[in-house]
Chemist: 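Please read through the structure below; I'll follow up with questions.
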4 protein chains.
Amino acid sequence: MSEDKKLHIIEATNRVIYRMGIAGTTMRRIADEAGLSTGALYHHYKSKEEILYDAMDRSLSVSTRIAEEVQQGKYSRGEVIKRISENVKDRFNKIDDNRMQFYLAQEAILGNEEISNQLKVKYKKWIGHTEELLQRLYEKQPGKYNKAIASLLIGAIDGIVMQTLLGVANTDEIEDICEVYHKLLVEGIPKLLEAWDE
Amino acid sequence: MSEDKKLHIIEATNRVIYRMGIAGTTMRRIADEAGLSTGALYHHYKSKEEILYDAMDRSLSVSTRIAEEVQQGKYSRGEVIKRISENVKDRFNKIDDNRMQFYLAQEAILGNEEISNQLKVKYKKWIGHTEELLQRLYEKQPGKYNKAIASLLIGAIDGIVMQTLLGVANTDEIEDICEVYHKLLVEGIPKLLEAWDE
Amino acid sequence: MSEDKKLHIIEATNRVIYRMGIAGTTMRRIADEAGLSTGALYHHYKSKEEILYDAMDRSLSVSTRIAEEVQQGKYSRGEVIKRISENVKDRFNKIDDNRMQFYLAQEAILGNEEISNQLKVKYKKWIGHTEELLQRLYEKQPGKYNKAIASLLIGAIDGIVMQTLLGVANTDEIEDICEVYHKLLVEGIPKLLEAWDE
Amino acid sequence: MSEDKKLHIIEATNRVIYRMGIAGTTMRRIADEAGLSTGALYHHYKSKEEILYDAMDRSLSVSTRIAEEVQQGKYSRGEVIKRISENVKDRFNKIDDNRMQFYLAQEAILGNEEISNQLKVKYKKWIGHTEELLQRLYEKQPGKYNKAIASLLIGAIDGIVMQTLLGVANTDEIEDICEVYHKLLVEGIPKLLEAWDE
DNA sequence: TATGAATGAGAATTCATTCAT
DNA sequence: GATGAATGAATTCTCATTCAT
């Protein structure tokens, strides 16, 4: 039960998931990809579910999101916004990670509770970070709507990622969307926050 | 191929999805739930996918319909925004249909061309309508970024839908998000559009 | 039960067979092609088998082969051979008929006894005609092997037709094959017949 | 994927075809006959068609083998012709395999690309070998018509096979046909080749 | 540890035929 | 005569899991 072998299997699993989706990931394909027999997989994991869970678990613990690293730095307002925008643009281009992320969400939505719970925790963390970021950026006290804004900002990225994966949005359009997203952070959101003060 | 019978099948499908999730939705179960034989299903739909797509289509086409009504100039600016907001809130509550949409998106991303094309058409319609709506609402000439804004507005909804399905956002938070979305339409977007004029 | 309607159904059936083969010919497709409902078919024929049989029966009674019309004429030896060659070349180009013919043979081989019997009769007739032709051409008394030669001459055409349908032989090659077939009649067969005399 | 097990499946398949005809040959019946589960069949072959193709291939590839042996120069001219004749006679007796070949040809003609390609390869090989054989037998340089002659020789066999399957030719007649075929190789074809030289 | 053949339940889909309207 | 919705058995194929070697 060496950790090495497990990692080998998980890496093979990831490659299969990337190509075939989670529903298309069969034990035989994992075995083929890993250069093992199906029987061998059962020496390391006691079921397919366990393999998938391990794969998804490891995948989730790697993925990063806006705000995570920015938070600790001591950047100026302008620098922070710039870094966020870069980060966002970057995310749209990491097709591999997006695909995997989307599959994970899919699996959760289809009824895999364990993955669902993990993703829930992740999203709550991401939203929390973004919320804090908003406060730092616009020097506002925690307002009733900061969390909602954070959710929308995160959600918008997921939505655009889906459009990219679906082939609805092409590269040029993504450029524009990034610019709008940037402008939204600089102009739209502050305006929104002011609006509630009045 | 009476519309009634199709509706009957779709309703049965929805009940099965509600109880068993998409992954547990088989033709046999749909048939049983509808009180039909499996063969009968194929009399009305030529594949399982077609049933699922129709189920999704019927509910999500509401959003398109509203945008179309608005286009025909039946409403004042205030009314339009109100209706959009209502529509968005409505969409967040259709859990089963949203699940289905994500399932179909997955199929599309994994290479199902039929579904892919249908979804592409749907998204392009949504984005197109939203774009026109933006122009009418803010009396702007078609700008370079109107499409990008529309994509983001649609994407944000999908993203929030995903958060809802994952159980990240609860009912109260959805309320807040709707309100922010509303505010964004009223205050944020106009501000954004102005910003490019300066 | 008007003959007209039956003919209409049979023509539709033939078009379906041509496109889909006999195995791919379903009642629904026949109905669609004929512009009728499946139920209506059962008013005119009591089963699918009966329709297919009728279609094939009519098809067989139309098809012609080398020798049939030549026999009655009073052509010279050279003219007869020329006409046969033309006839053969012609046959290779009538893809539609060949296809149908092949399907019929197929159906018979797969176990349809009635068609098998009809085809058997046809082939015996064709072979008989060809045999007589050989005698007229080479002024030989009915020899032990004339029938075998006739069978081979007929068979060769069927075999080449199959190669054409399979896409093994292209148009240029068919030209050559026709020429060889011609030469065979003129030079090869007489030599063969002589050989036995010696 | 032991060759033994494959052979076992093929033998079972042949028995089923013999009893039920190709149309009545289902995976379940093959499995039952072989004493296996249907799933097991798919462990060795990836589709029903592959099983049928293999069944046909195994028996008909004998002809190819002989042509290959001959090519390697193991036999004298007389022996070669004798072996070819024996081979041809043999082929006429393999009723089940011939049935299968016609069934597969039908599939190919109707658009099954996989089978179509396999058969095309097979035929091109047969024709190619026969062509080379002609050159060796008659010590002729590659002539324009050698390929056409080869095609006709192969085609004639298929045509006679079809007559056998249809029950047009009985055992005695097959004897005669074989003899004529033999004579054709010995006397007819050389004469033909000479004819072009003059 | 490792193999890979075998299992067996269950999936989607097809289709000739029937029958109430 | 005509319709077309419905039947239900049969078909091919998939796949997680087991187990003798």
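Lettering of chains follows the sequences in order, A, B, ..., and the numbering in each one begins at 1.
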Chemist: In terms of the nearest nucleotide of DNA chain E, which residue is placed more toward the 5' end: C:A23 or B:R29?
Modeler: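 Upstream on the strand: B:R29.
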Chemist: Identify, between D:A40 and B:G35, the residue whose nearest nucleotide on DNA chain F lies closer to the 5' end.
Modeler: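 That would be B:G35.
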Chemist: Between E:dA2, F:dT3, F:dA5, which one does the side chain of B:H43 approach most closely?
Modeler: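 Closest nucleotide to the B:H43 side chain: F:dA5.
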Chemist: Would you kindly give the CD-to-P distance between D:E50 and F:dT14, to the nearest whole Å?
Modeler: 12 Å
Chemist: Please confirm whether the backbone N or O of A:L41 pairs with a side-chain atom of A:K5, one donor and one acceptor, at under 3.5 Å?
Modeler: no
Chemist: Taking NE2 from A:H44 and C1' from E:dT3, how many angstroms apart are they, rounded to a whole number?
Modeler: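 Atom NE2 in A:H44 sits about 12 Å away from atom C1' in E:dT3.
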Chemist: If you round to the nearest 0.5 Å, how far is NE2 of A:H44 from CG of A:D4?
Modeler: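 Rounded to the nearest 0.5 Å, the CG-NE2 separation comes to 10.5 Å.
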Chemist: Whole-Å distance between E:dA5 P and D:L36 CG?
Modeler: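 So the two atoms are 12 Å apart, to the nearest Å.
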Chemist: Rounded to the nearest Å, what distance is computed from the CG atom of residue A:D32 to the P atom of nucleotide F:dC15?
Modeler: 12 Å
Chemist: Taking CD1 from B:I9 and P from F:dA5, how many angstroms apart are they, rounded to a whole number?
Modeler: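 Nearest whole value for this atom pair: 10 Å.
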Chemist: Indicate yes or no: at least one non-hydrogen side-chain atom of D:Q118 is less than 4.5 angstrom from one of D:K122.
Modeler: no
Chemist: Between D:D54 and D:I9, is any pair of side-chain heavy atoms under 4.5 Å apart?
Modeler: no
Chemist: Identify the pairs formed between an N or O of the protein and an N or O of nucleotides 17-21 of chain E at a distance under 3.5 Å, and give each distance.
Modeler:
from   : atom 1 : to    : atom 2 : distance (Å)
E:dT17 : OP2    : C:Y42 : OH     : 3.0
E:dT17 : OP2    : C:K48 : N      : 3.0
E:dT17 : O5'    : C:Y42 : OH     : 3.4

Chemist: Which dot-bracket string fits DNA chain E when only Watson-Crick or G-U wobble pairs with both atom distances under 3.5 Å count, crossing pairs get [ ], and | stands for a partner on a different strand?
Modeler: .||||||||||||||||||||
Chemist: To the nearest angstrom, how far is A:K6 atom NZ from E:dT1 atom C1'?
Modeler: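 Taking atom C1' of E:dT1 as the reference, NZ of A:K6 is at 15 Å.
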Chemist: Evaluate salt bridge (Lys or Arg N to Asp or Glu O under 4.0 Å) for B:E3 paired with B:R58, printing each intermediate quantity in order.
Modeler: CA-CA 12 Å; B:E3 199 45 41; B:R58 277 166 197 261; 2.6 Å; yes
Chemist: In whole angstroms, how far is the P atom of F:dA5 from the OH atom of B:Y45?
Modeler: 12 Å
Chemist: Would you say B:K5 reaches F:dA6's phosphate, i.e. side-chain N/O to OP1/OP2 under 4.0 Å?
Modeler: yes
Chemist: Would one find a side-chain N or O of B:S37 under 4.0 angstrom from OP1 or OP2 of F:dT7?
Modeler: yes
Chemist: Starting from the C-alpha separation in whole Å, work towards a yes-or-no answer on side chain to side chain contact (heavy atoms under 4.5 Å, CB included) for B:L52 and B:I17.
Modeler: CA-CA 10 Å; B:L52 294 180; B:I17 291 173; 4.0 Å; yes
Chemist: Kindly give the heavy-atom pair with the smallest separation between D:A55 and D:M100, and that separation in Å.
Modeler: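 The answer is CB-SD, 3.4 Å.
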Chemist: Are a donor atom and an acceptor atom from the side chains of D:Y103 and D:R99 found within less than 3.5 Å of each other?
Modeler: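 There is no such pair between these side chains.
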Chemist: Side chains of D:D97 and D:N14: closer than 4.5 Å at any heavy-atom pair?
Modeler: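 Answer yes - side chains close enough.
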Chemist: I need the CG-C1' distance between B:D4 and F:dA6, as an integer number of Å.
Modeler: 16 Å
